[in-house]
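One structure is given below, encoded as structure tokens.
In the text below, chain A, chain B and the rest are named by the order of the sequence lines, each starting its count at 1.
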2 protein chains.
Amino acid sequence: MQITRQSEYAIRTLVEMAKHAADETLSTQAIALRQEIPADFLKKTVKLLILARLVTTQRGINGGLRLARPAEEISLLDIITAVDGPIALNVCLAEGNNCKNQNSCSISAALAKAQDAMVNELAKISLASLAKANE
Amino acid sequence: MQITRQSEYAIRTLVEMAKHAADETLSTQAIALRQEIPADFLKKTVKLLILARLVTTQRGINGGLRLARPAEEISLLDIITAVDGPIALNVCLAEGNNCKNQNSCSISAALAKAQDAMVNELAKISLASLAKANE
DNA sequence: ATAAATGGGATGAATTTAGTCACCATTGGA
DNA sequence: TCCAATGGTGACTAAATTCATCCCATTTAT
């Protein structure tokens, strides 16, 4: 019932980026150093962020990462989902499940309600607000 | 980011019990059969429910399980916590963490907010309501 | 060319999860 | 009194997940 450490790394990475100018590129090395994240591991995390269209990258000297959209338009939910996949409090709430009783299952409905409450909160929190409070 | 299967087994077990009279004992075998839970695994789960004071047990012939309190007074949060331990959306929100920056950490605060939203919902859902909707 | 950067695959240790098995302890009833 | 049905407990295991580390290929500004 936890986000993965990789997910937390992604959050910290994006917060670090949001604290810099939007047109500035930051290398994974620099981020890894400042946030104390294993550099090689971060490279793999970045790949997930690219797939989720949260960052863009530039190879070569002076390359690095940039936010793909304004920090105001990236939510905590976006980041966690990008790394850990869709949030599902139980197997039966995950995509592609085939529990035939789902429609009439009071347990599934109850868990869905709690999950929605959490997801709604996560969607409300913007990367911009995290970066600002972290200055 | 999921409850464990063991936690779901516990929920189903207690719902099954809540559908019977409070003074009736149900054997783990009977519950395992009806809910399609591996019997030996369920025995281990029951131990956790006893420790959390959610059920009481009676050994010997005609023995089995009973709810330790009225189904109205047992919440989904009680059950999940009994089996999976306290809910913590991130390491830094778990008991005994020692992140020195926690007080000023905007990420930890944001995750705590989302977690609280979920926990509050889970606390609202009673075993009685789950059993009723499942009749 | 060279150095700095991302891209990507192979590998592995540690932990967690889910389950099985064997055997012990207790108890009520025949 | 003894048996069968019940819960109690610990050892063990297979599989999946998590969290890395290492190596080398590719791109690019100077």
- Whole-Å distance between D:dG7 C1' and B:Met17 CE? 13 Å
- Item | Side-chain donor/acceptor contact of A:Lys44 with base of C:dG8 under 3.5 Å | no
- Message: Measuring to OP1 and OP2 of D:dA20, would you say a side-chain N or O of A:Arg5 lies under 4.0 angstrom away?
- Response: yes
- Message: Please give me the minimum heavy-atom distance between B:Ile80 and A:Leu111, naming the atom from each residue.
- Response: CD1-CD2, 4.2 Å
- Whole-Å distance separating the CZ atom of A:Phe41 from the P atom of C:dG8: 17 Å
- Pair B:Val15-B:Gln35, side chain to side chain contact (heavy atoms under 4.5 Å, CB included): steps then yes or no: CA-CA 10 Å; B:Val15 167; B:Gln35 293 290 334; 5.8 Å; no
- Query: What's the spacing between A:Leu65 CG and A:Thr57 OG1 if we round to 0.5 Å?
  - Reply: 7.0 Å
- Query: Should B:Thr57 be listed as having a side-chain N or O under 4.0 Å from OP1 or OP2 of D:dG8?
  - Reply: yes
- Query: A:Ile3 near the nucleic acid: base, sugar-phosphate alone, or nothing, with a heavy-atom cut-off under 4.0 Å?
  - Reply: nothing
- Message: Expressed as a whole number of angstroms, how long is the span from A:Leu51:CG to C:dG7:P?
- Response: 10 Å
- Query: Would one find a side-chain N or O of A:Tyr9 under 4.0 angstrom from OP1 or OP2 of D:dA20?
  - Reply: yes
- Tell me which of A:Thr28 and A:Met1 sits closer to the 5' end of DNA chain C, going by the nucleotide each one is nearest to. A:Thr28
- Item | Euclidean distance, atom CD of residue A:Gln58 to atom P of D:dT30 [Å, nearest integer] | 11 Å
- Rounded to whole Å, CD of B:Gln29 lies from C1' of D:dA4 at a distance of 13 Å
- Note on the structure: In terms of heavy-atom contacts, A:Ala117 and B:Glu121 come closest through CB-CG, 3.6 Å
- Message: Any donor-acceptor pair under 3.5 Å linking the side-chain atoms of B:Asn101 with those of B:Ser104?
- Response: no
- Query: Mapping B:Pro38 and A:Gly60 to their closest nucleotides on DNA chain C, which lands nearer the 5' end?
  - Reply: A:Gly60
- Query: Has the side chain of B:Arg59 got a donor or acceptor atom sitting under 3.5 Å from an opposite partner on the base of D:dT6?
  - Reply: no
- Under 4.0 angstrom, heavy atoms only, what part of the nucleic acid is B:Ile37 near: base, sugar-phosphate, or nothing? nothing
- Would you state whether a donor and an acceptor, one from the side chain of A:Lys43 and one from the base of C:dG7, lie under 3.5 Å apart? yes
